[in-house]
Chemist: 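Supplied in structure tokens, the structure appears directly below.
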There are 2 protein chains.
Amino acid sequence: MKVTITDIAIAAGVAKSTVSKVLNDSPKISQETKQKVREIMKQMNYTPSSIATGLARQSSSNIGLLIDMSKSSEFLNQFFYNIIGGIESVIGSLKYELTIANVEHNHPDGHFLHRLVRSKKVDGLIANTSVLTEELCTRLNHLEFPYVSLGEVAASGCWVDFDNEAGGRMLTRHLLEEGYSAVAFIGGYEGDPLFIRRLEGCRQVLGQAGKPLRKEWIINGEAEEAFGYQAAKQLLLSETPPDSVICMSNFAAYGVLLAARELGVKVPTQLGIATFDDYPLSRYTSPPLTSLNLDTFHLGVSAGKLLMERIGGKNEALQKLLLAPELLPRESSCRHSRT
Amino acid sequence: MKVTITDIAIAAGVAKSTVSKVLNDSPKISQETKQKVREIMKQMNYTPSSIATGLARQSSSNIGLLIDMSKSSEFLNQFFYNIIGGIESVIGSLKYELTIANVEHNHPDGHFLHRLVRSKKVDGLIANTSVLTEELCTRLNHLEFPYVSLGEVAASGCWVDFDNEAGGRMLTRHLLEEGYSAVAFIGGYEGDPLFIRRLEGCRQVLGQAGKPLRKEWIINGEAEEAFGYQAAKQLLLSETPPDSVICMSNFAAYGVLLAARELGVKVPTQLGIATFDDYPLSRYTSPPLTSLNLDTFHLGVSAGKLLMERIGGKNEALQKLLLAPELLPRESSCRHSRT
DNA sequence: TTGTAAGCGTTATCAC
DNA sequence: GTGATAACGCTTACAA
């Protein structure tokens, strides 16, 4: 039923190795032979077995994308499709396939290390920081196994990330340009690098403008609707309410919007709102939210490229990459009419 | 550097075949031998090569999920993460991995047929109807290759889908119960099975209630914001405006909301709105949208199970599966206060 | 240029 | 219970 390289060899009256060379378009095979063999392959409807090829070549032509579905990491969840698309667009044309693996299954420790890495199911790995702990990075480094992290990673790892500091600057600068001066920051946990970077950007711009960020205007917490709502109420009802807020997520910003509506605080006149992420709500709230768009497809592309370079042996390839975000000004923070 | 089954055999002083049997926990190996060999494997940090195993077993332990990124099929795009999670949760515990392949790359014809199927990169396939054309189904059938379609498929294929007809009924019944009686239907194209099913459900309930659906209240088109907006305006400004509308998507419903706001039509008092899909906007619009939630994780689970059964040889396994949607009543269609 | 033969790392079929 | 040995389907020196 199934036709193998041997069948082709026999049918064409040549040796297996010759067929193999034709398969790989070796320059040391005559055109005539190539023609003939290819003809036969077509006739017999032959497709080489990727597994056998893999064994012989010691490569799976697969790269793995690790996710942890147990932590509903909003980030991946939302942008998954785009990231995958980005990765696929670069590895696909290199004849690689993308394998998605859920780390949750991998019981104790780094079980995926066995299941995927050591068993050679994949030739390289992409994962976001929530799964790629520092310890794992060092272990992968030790195995000399190629990987790229989605998100900045401390160790001597290779990563791509968005420039969160620049993002903080962009959002803050925008608010100042729109005439706001008392900027609050809502969402994120103190230890979280994402929070730290973003806030730092914010702090820089405010500092330069001579309007230092006040401690009581930084509210830490899970960047969800309920939290945003609470945080906004707290801020707006305080003795020194800010006139604008930067949110760590769409959902937190939505919560702020609800609180403002409830308290009769007009957006954007009395309160300006700007948020990280453009997806999924920014366009659809009332008023629509000024937001920072992250090109996640591009993130996937970058991660894919980096990884393929490493697999290709360029170990000296670029190690770290920061992608610029894009500001999308919308009604929630624009007091001046825009042309 | 790398340790193979042979190394283990030598170190343990047994034959390769014995090690292999230990690996597969064969009952015909003594406990002592097993202990000993396993001990050695641990010491030498051995992990079997999945590729070699694959070659010997003639299986890749991979199942493929086909997507077509060129068509921004909203469905997959939005629910991708959940579907993948669902599939993974069933195949993962069976030691299978999930391979994502973008069909777009696959130049002419069904190139993925070679790249994935014939080359044995995957043992089975899951794809939604937009890529699994009827022709492809018959070809896969002919190859006796296991696959499951996400979405109803005409041919003698195996598929899982949501019960769209029931969905149409649920939404319509809800509107009637809330006291609406003139129901319009917005979005979807005439030939689209999704549209046909959903409208049919709607028609059934209206028919039973003696309030037949009027032709001029069915507006066909791409279920996007702009279209929903236009359609709603057209309906609301007509001589016989409906008092409620069912939308094919969140985005279309959002457009309707905008139109109503602009025309000063109160929702839900003067116009009831209910929509298919709960994600991503329903909860966050003002007012929040009554919607039909589709458990896409479960869809993935079902597809995975079905596929694994077929791979397992149960060719007589269940062929078609309809999943029930869930109604989430919200403010956009609830005139009566709810307890 | 083409052919021969030895891998690649498992599993599977028999003997013993 | 355990051990040779032949697959599995392709690549790759090394010969010819």
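Just so we're clear, the structure is a prediction, and the values are computed from it rather than from any experiment. We use all heavy atoms of the structure for the numbers below, so side chains are in, but hydrogens, waters and symmetry mates are not. Sequence lines set the chain letters: A, B, ... in the order given, protein chains first and strands last, and positions in each chain run from 1.
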Chemist: Measure CD/B:Gln58 against C1'/C:dA12 and give the value in whole Å, please.
Modeler: 12 Å
Chemist: In whole Å, what is the span from the NZ atom of A:Lys120 to the P atom of C:dT10?
Modeler: 12 Å
Chemist: Name the nucleic acid region contacted by B:Ser26, choosing base, sugar-phosphate or nothing; use a 4.0 angstrom heavy-atom cut-off, strictly under.
Modeler: nothing
Chemist: Provide the closest heavy-atom pair for B:Met308 versus B:Leu94 in the form atom of the first, atom of the second, distance.
Modeler: CE-CD2, 3.6 Å
Chemist: Using the side chain to side chain contact (heavy atoms under 4.5 Å, CB included) criterion, which residues pair with B:Glu32? Sequence neighbours excluded.
Modeler: B:Ser30
Chemist: Determine yes or no for a side-chain-to-main-chain donor-acceptor pair under 3.5 angstrom, with A:Ser26 supplying the side chain and A:Val22 the backbone.
Modeler: no
Chemist: Please state how far atom CD1 in B:Ile5 lies from atom P in C:dG7, giving the value in whole angstrom units.
Modeler: 18 Å
Chemist: Where the side chain of B:Asn82 meets the backbone of B:Phe79, is there a donor-acceptor pair that is under 3.5 Å apart?
Modeler: no
Chemist: Would B:Lys34 and B:Asp25 pass as an ion pair if we require N to O under 4.0 Å?
Modeler: yes
Chemist: I want to check one thing: is the phosphate of D:dT2, taken as OP1 and OP2, less than 4.0 Å away from some side-chain N or O of B:Ser30?
Modeler: yes
Chemist: To the side chain of A:Thr18, which of D:dT11, D:dG1, C:dG3 is closest?
Modeler: C:dG3
Chemist: Within the side chain of B:Thr296, is there an N or O that forms a donor-acceptor pair under 3.5 Å with the backbone of B:Leu299?
Modeler: no
Chemist: Classify B:Thr4 by what it touches in the nucleic acid, base, sugar-phosphate, or nothing, heavy-atom distance under 4.0 Å.
Modeler: sugar-phosphate
Chemist: What distance separates B:Leu116 CG from B:Leu66 CG, expressed to the nearest 0.5 Å?
Modeler: 6.5 Å
Chemist: Between A:Thr6 and B:Gln31, which residue's closest nucleotide on DNA chain D lies nearer the 5′ terminus?
Modeler: B:Gln31
Chemist: Begin with the C-alpha distance, continue with both residues' side-chain angles, and end with the deciding distance and a verdict on side chain to side chain contact (heavy atoms under 4.5 Å, CB included) for B:Glu97 and A:Lys121.
Modeler: CA-CA 9 Å; B:Glu97 238 64 55; A:Lys121 270 218 117 166; 3.9 Å; yes
Chemist: Whole angstrom is fine here: how far is it from CG in B:Asp25 over to P in D:dG1?
Modeler: 14 Å
Chemist: Among residues 37-55 of chain B, which residues get a heavy atom nearer than 4.0 Å to DNA chain C?
Modeler: B:Tyr46, B:Thr47, B:Pro48, B:Ser49, B:Ala52, B:Thr53, B:Leu55
Chemist: Please list each protein N or O that sits under 3.5 Å from an N or O in nucleotides 13-16 of chain D, with the distance.
Modeler:
none

Chemist: Counting side-chain heavy atoms from CB outward, which of D:dG9, C:dT11, D:dT2 is closest to A:Ala56?
Modeler: D:dG9
Chemist: Expressed in angstrom and rounded to an integer, what is the separation of B:Ile29 atom CD1 from D:dG1 atom P?
Modeler: 9 Å
Chemist: Please report, rounded to the nearest Å, how far the C1' atom of D:dG1 is from the CD atom of B:Gln35.
Modeler: 16 Å
Chemist: Quick one: B:Lys16 NZ to C:dA12 C1', roughly how many Å, whole number?
Modeler: 12 Å
Chemist: Any base atoms under 4.0 Å from A:Val19, or only sugar-phosphate, or nothing? Heavy atoms, all strands.
Modeler: nothing
Chemist: Grab the CD-P distance between B:Glu32 and D:dG1 for me, whole Å please.
Modeler: 9 Å
Chemist: Side chains of B:Asn141 and B:Tyr147: is there a donor and an acceptor less than 3.5 Å apart?
Modeler: yes
Chemist: Under 3.5 Å, is there a donor-acceptor pair between the side chain of A:Asp123 and the main chain of A:Ser60?
Modeler: yes
